[in-house]
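Residue numbers start from 1 in every chain, and the chains themselves are labelled A, B, ... in the order their sequence lines are given, proteins ahead of strands.
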Protein chains: 2
Amino acid sequence: MAMGRPRAFDVDEALDKALSVFWEKGYEGASLSELTSAMGIKPPSLYAAFGNKEGLFRRALDRYEEVKGGLMDEALAAPGVRQAMEQLLCHAASLQCEKGAPHGCMLVTAGLAGGEESSAIRDELARRRQASCTRIRKRFERAKKEGDLPGDTNPAALARYVTAVMNGISVQAAGGATKKELQQVAEMALKVLPV
Amino acid sequence: MAMGRPRAFDVDEALDKALSVFWEKGYEGASLSELTSAMGIKPPSLYAAFGNKEGLFRRALDRYEEVKGGLMDEALAAPGVRQAMEQLLCHAASLQCEKGAPHGCMLVTAGLAGGEESSAIRDELARRRQASCTRIRKRFERAKKEGDLPGDTNPAALARYVTAVMNGISVQAAGGATKKELQQVAEMALKVLPV
DNA sequence: ATGGTTTTTTAGTTCCCACTACATAAACAT
DNA sequence: ATGTTTATGTAGTGGGAACTAAAAAACCAT
């Protein structure tokens with residue numbers, strides 16, 4: 001059987017370009033012409049490879065979380081829960097207002113409100129934020145079991161609090177806050193930890 | 001001189017309807033046909049009264065802040081800074097996931113990322129979030145002066161922290177968090193206060 | 001080389017967006 | 001009543017959105 005014409009672009013490179021656009025403009029704000037021109041391909045190639053705009057976004061999101069999720073695991077892997085949270089929040093604060101990348105976490109900025117037609121995307125973003133919160137909660141549960149946190153600690157509530165601070169840092173980063181300001185926020189937030 | 005045909009709709013009522021739509025769908029996600037049909041008027045009436053979509057949004061935003069700003073003043077007016085922050089955060093937590101209104105603060109949800117053509121709106125939203133942060137800072141400065149906070153307190157940093165928590169609460173509310181969960185977040189956040 | 005398979009290119013499609021020209025209607029001043 | 005002014009309803013405008021039909025191109029197997 002014949003193999004057909006080979007793809008002329010690299011899927012992962014194209015996804016990275018798409019990711020940049022979606023990250024900066026959000027799901028609804030990114031137009032197909034911006035996406036295709038950033039990716040260096042024409043619409044039919046995009047549709048053949050990714051289905052539609054929504055499919056492309058989900059793939060770009062996967063790629064985003066591959067990277068960011070790795071950093072999160074790294075932070076959570078710190079030996080003590082205090083250091084883990086320090087890393088988590090401080091890295092978030094500095095990564096989210098770096099030059100060269102859009103400010104704020106994409107899971108927050110890419111779509112909180114929007115038209116009916118993109119509600120599935122908003123749900124997906126909320127689901128992934130929730131998943132990230134769950135990972136933090138698991139880290140707190142482990143710490144509690146290991147005696148790294150007092151027995152009366154509520155891991156779920158503490159995880160939601162840390163998540164809220166990170167989300168808040170994203171909002172402020174998107175609004176133009178400086179790295180120093182966000183690091184102060186992270187520092188204050190850590191005072192809640194009973195460690 | 002003649003007075004002309006009187007307006008057949010109430011501007012404030014129309015703004016409230018527009019506000020609902022913008023709050024739920026964001027600036028870009030709200031279409032003119034949704035807006036006009038919610039407001040019960042036809043496009044020419046809208047343009048005559050408010051200029052364009054951007055003008056309408058700004059007026060709706062003014063109305064939003066009239067209400068929410070009042071509640072904020074009320075909270076900040078509490079005698080002690082601790083009570084002030086308790087009210088601020090707890091009210092935010094419960095108001096932001098009420099049935100009958102969109103979840104999350106509109107200043108956060110209506111637009112964090114988007115196309116070039118709506119960048120002025122995003123700047124405006126960021127400016128207003130910043131203004132709200134400044135009011136909190138002023139309250140901390142007063143508390144410091146009154147001896148309600150220790151002398152080594154950094155009012156600006158503390159205000160940004162509280163703002164970040166509120167913004168994070170908005171993100172979680174938009175994502176479907178429950179009132180109880182958000183109130184736990186508020187409660188934990190308050191532990192940072194040295195009072 | 002030829003046929004089969006898949007991708008790319010070109011050039012559109014339809015639809016909905018924000019916005020408006022124009023004629024009509026409703027008020028007041030004279 | 002008539003003219004002036006402003007608001008309204010009808011019916012559109014041009015433009016950009018997401019998406020695609022069809023032909024040409026690039027590969028492999030025989």
Side-chain angles (χ1 to χ4, degrees), chain A residues 1-15 17-18 21-22 24-61 110-111 113-122 124, chain B residues 1-15 17-18 21-22 24-61 110-111 113-122 124:
Chain A
M1 62 185 89
M3 296 283 280
R5 177 172 177 170
R7 193 164 266 148
F9 64 96
D10 182 87
V11 171
D12 285 338
E13 277 178 28
L15 276 175
K17 301 293 188 181
V21 177
F22 278 129
E24 179 160 354
K25 313 230 169 176
Y27 175 70
E28 288 188 329
S31 76
L32 252 106
S33 59
E34 286 170 322
L35 288 164
T36 50
S37 84
M39 297 164 84
I41 62 177
K42 305 271 162 69
S45 299
L46 190 155
Y47 283 87
F50 307 106
N52 56 16
K53 187 183 177 183
E54 187 171 330
L56 175 63
F57 183 79
R58 287 179 199 273
R59 294 282 302 271
L61 210 51
E116 193 81 22
E117 68 280 0
S118 59
S119 71
I121 291 297
R122 285 193 300 283
E124 174 73 16
Chain B
M1 61 183 93
M3 296 282 280
R5 176 173 177 171
R7 192 165 267 146
F9 65 94
D10 182 86
V11 171
D12 285 337
E13 276 177 29
L15 275 175
K17 300 292 188 182
V21 177
F22 278 130
E24 179 160 354
K25 313 230 169 175
Y27 176 70
E28 287 188 330
S31 76
L32 252 104
S33 58
E34 287 170 321
L35 288 164
T36 50
S37 82
M39 297 165 84
I41 62 178
K42 303 273 160 68
S45 299
L46 190 156
Y47 283 87
F50 306 106
N52 56 15
K53 186 182 177 182
E54 187 172 330
L56 175 63
F57 183 79
R58 288 180 199 273
R59 293 283 301 273
L61 210 53
E116 194 80 24
E117 68 280 0
S118 58
S119 71
I121 290 297
R122 285 192 300 284
E124 174 74 15

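Taking NZ from Lys25(B) and OG from Ser118(A), the interatomic distance works out to 9.0 Å, rounded to the nearest 0.5 Å. Annotation: the span from Glu116(A) atom CD to Ser119(A) atom OG amounts to 5.5 Å, rounded to 0.5 Å.
Side-chain N/O atoms of Tyr47(A) include none lying less than 4.0 angstrom from OP1 or OP2 on dT20(D).
Residues satisfying the salt bridge (Lys or Arg N to Asp or Glu O under 4.0 Å) criterion with Glu13(A), sequence neighbours excluded, are absent altogether. By the side chain to side chain contact (heavy atoms under 4.5 Å, CB included) test, Ala14(B) is found to be paired with Phe9(B), Met39(B), residues two or more places apart in sequence or in another chain being considered. Qualifying side chain to side chain donor-acceptor pair (under 3.5 Å) partners for Ser31(B), counting only residues two or more places apart in sequence or in other chains: Ser33(B), Glu34(B).
For DNA chain D, the neighbouring residues in residues 27-36 of chain A, judged by any heavy atom under 4.0 Å, are Ala30(A), Ser31(A), Leu32(A), Ser33(A).
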Item to check | Test log, rule side chain to side chain contact (heavy atoms under 4.5 Å, CB included), inputs Phe50(A) and Leu15(A) | outcome: CA-CA 10 Å; Phe50(A) 307 106; Leu15(A) 276 175; 3.8 Å; yes

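Of the candidates Thr36(B), Leu56(B), Leu35(B), Leu35(B) is the only one forming a side-chain contact (heavy atoms from CB on, under 4.5 Å) with Val21(B).
Each end of the helix from dA1(C)-dT30(D) to dT30(C)-dA1(D) gets its own axis, taken as the rotation carrying the C1' atoms of four end pairs onto the next four within a five-pair window, and the two axes meet at 0° to the nearest 10 degrees.
When atom types are taken as modelled, the side chain of Glu28(B) and the backbone of Gly115(B) share a donor-acceptor pair closer than 3.5 angstrom.
Protein atom CE of Met39(A) is 13 Å distant from nucleotide atom P of dA18(D), rounded to whole Å. Between the CG atom of Leu46(B) and the C1' atom of dC19(C) there is a distance of 10 Å, given to the nearest Å. The distance from atom CG of Asn52(A) to atom C1' of dC15(C) is 17 Å, rounded to the nearest whole Å. Between the CG atom of Leu56(A) and the C1' atom of dC19(D) there is a distance of 14 Å, rounded to whole Å.
A cation-pi arrangement is found for Lys53(B) relative to Tyr27(B), the charged atom lying closer than 6.0 Å to the ring centre and inside a 45° cone about the ring normal.
At most 12 non-hydrogen atoms from other residues, nucleotides or ligands lie less than 6.0 angstrom from NZ of Lys17(A). For Glu117(B), the CD atom counts as densely surrounded, since its 6.0 Å shell holds more than 12 non-hydrogen atoms of other residues, nucleotides or ligands.
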Checklist entry - Which parts of nucleotides 7-12 of chain C does protein reach within less than 4.0 Å, heavy atoms only, written one letter per nucleotide 5' to 3' as B for base, S for sugar-phosphate only and - for none? => result BSBB--

